A.B. asks: 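I have a structure here, written as structure tokens, and I will follow up with some questions on it.
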Amino acid sequence: MSWIDPNFPRTAEPSDLVGRVLGLNPGMMTGPGTNTYLVGREHPILIDTGAGVPEYAPLFDAYLKRRGWPRPEQIVLTHRHRDHLGGVSALSQMFPGISVFKRIWRDDGLPEGIRDLRDGETVAGDGATLIPIHTPGHASDHLCYWMPEEQALFSGDLILNGSTTVIPDEDGDLGQYLDSLRRVQRLGVRRIYPAHGPVIEDGPGKIQEYLDHRMLRERQILDALGAGTDTIPEIVKAIYADVPVALHGHAAMSVHSHLKKLRQERRVADQTQADAPSRWTLL
Ligand SMILES: [Zn+2]
């Protein structure tokens, strides 16, 4: 199955308490598109809103009608990235007065009326409870939602199915990201509903796979530095040999996120150079 699966179902009922409507925004970063989840029995809570693709609102409306649901009770967002909150305006017009919540943190330019939701501030739904878990690393404002009824986690972009999470240079932090993975690992998660890709039935296995993957990359980077490969472009060439060159920009961002973490841990140092990439060395 490819990451951008054109046959990924546009709607689904992964459980009695969870419905899914696809954001219809497929791409390299989003896979088949952003999953938006309706959680609860007859008065569901909506998690995320897609990118604001015009075809999403009618698909969402048709899905509600099919389930016999008049409207979502409220909307909660995982984080500020466009492909998660881009649909807020259209949905606010469709459902006047609907409340929209997210962790408000270093935000500017948010759609009007979004309210703050803090770590642990339980959202009581109809037959389902959502507990926001602050999980920075991919984005500083990132929330996962823990649903005790199913021991399930709505993981946003912390954990995806079919790709690895990007740690953006600006707002990302790999050290925090790994702490966030360890935090959700302690919850006793069974199933994971990711914001991109299909449901993950083996939650603990996936979390461990994600941690192992980052640890492997870290070892590869340390080995490359040990062998005298000392700039990000060279490190990318050495350890991402099997990744298409089109993705090397993202690979460079990922290597940089590792180097910043290692620098914070005082295991590497960098030296900037005029008109050339920085040189990194082991300490
Ligand atoms: Zn994101």
Side-chain angles (χ1 to χ4, degrees), residues 3-5 8 20-37 46-53 56 75-91 100-111 114 116-117 119 130 132-146 153-181 183-184 192-200 206-207 210-211 213-214 217 247 249-258 260-261:
W3 170 229
I4 311 175
D5 175 8
F8 193 71
R20 179 179 66 70
V21 180
L22 190 60
L24 305 177
N25 55 322
M28 210 55 165
M29 303 305 300
T30 57
T34 306
N35 293 320
T36 74
Y37 291 105
L46 176 64
I47 302 178
D48 282 340
T49 65
V53 172
Y56 170 76
I75 298 172
V76 299
L77 302 170
T78 56
H79 63 300
R80 69 171 76 87
H81 290 163
R82 245 322 101 184
D83 59 319
H84 299 258
L85 64 66
V88 165
S89 304
L91 291 175
V100 185
F101 296 91
K102 76 179 281 298
R103 176 79 176 98
I104 295 182
W105 176 257
R106 295 184 194 160
D107 278 309
D108 44 36
L110 282 183
I114 295 185
D116 193 20
L117 183 64
D119 182 280
L130 294 178
I133 314 279
H134 187 216
T135 37
H138 165 72
S140 57
D141 64 336
H142 193 281
L143 295 176
C144 291
Y145 293 94
W146 167 241
L153 186 74
F154 294 89
S155 63
D157 283 358
L158 178 71
I159 298 160
L160 314 174
N161 195 1
S163 181
T164 52
T165 297
V166 171
I167 310 297
D169 270 340
E170 278 296 296
D171 189 40
D173 182 311
L174 183 64
Q176 289 184 355
Y177 179 77
L178 294 171
D179 288 344
S180 293
L181 284 176
R183 182 166 182 209
V184 300
I192 294 175
Y193 297 102
H196 305 277
V199 172
I200 298 159
K206 187 55 120 183
I207 296 168
Y210 259 49
L211 285 164
H213 172 73
R214 299 289 172 167
R217 284 294 184 215
L247 290 176
H250 283 108
M253 211 190 279
S254 174
V255 170
H256 192 210
S257 71
H258 278 281
K260 283 193 288 187
K261 170 182 174 284

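Indexing begins at 1, ligand by ligand and atom by atom, following the structure's order. This structure is a prediction, so every number in the text was calculated from the model and none was measured.
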A.B. asks: Of the non-hydrogen atoms in Tyr56 and Leu91, which two are nearest, and what is the gap between them?
C.D. replies: CE2-CD1, 4.1 Å

A.B. asks: Which residues pass the salt bridge (Lys or Arg N to Asp or Glu O under 4.0 Å) test with Arg82, not counting sequence neighbours?
C.D. replies: none

A.B. asks: Does the ring centre of His81 sit less than 6.0 Å away from the ring centre of His142?
C.D. replies: no

A.B. asks: Look at the side chain of Thr165 and the backbone N and O of Asp157, then say whether any donor-acceptor pair between them is shorter than 3.5 Å.
C.D. replies: yes

A.B. asks: Provide the closest heavy-atom pair for Pro168 versus Met253 in the form atom of the first, atom of the second, distance.
C.D. replies: CA-SD, 3.5 Å

A.B. asks: Strictly under 2.8 Å of the Zn ion (ligand 1): which protein N/O/S atoms qualify?
C.D. replies: His79 NE2, His81 ND1, His138 NE2, Asp157 OD2

A.B. asks: How many angstroms lie between CD1 in Ile133 and CZ in Phe154, if you round to the nearest 0.5 Å?
C.D. replies: 12.5 Å

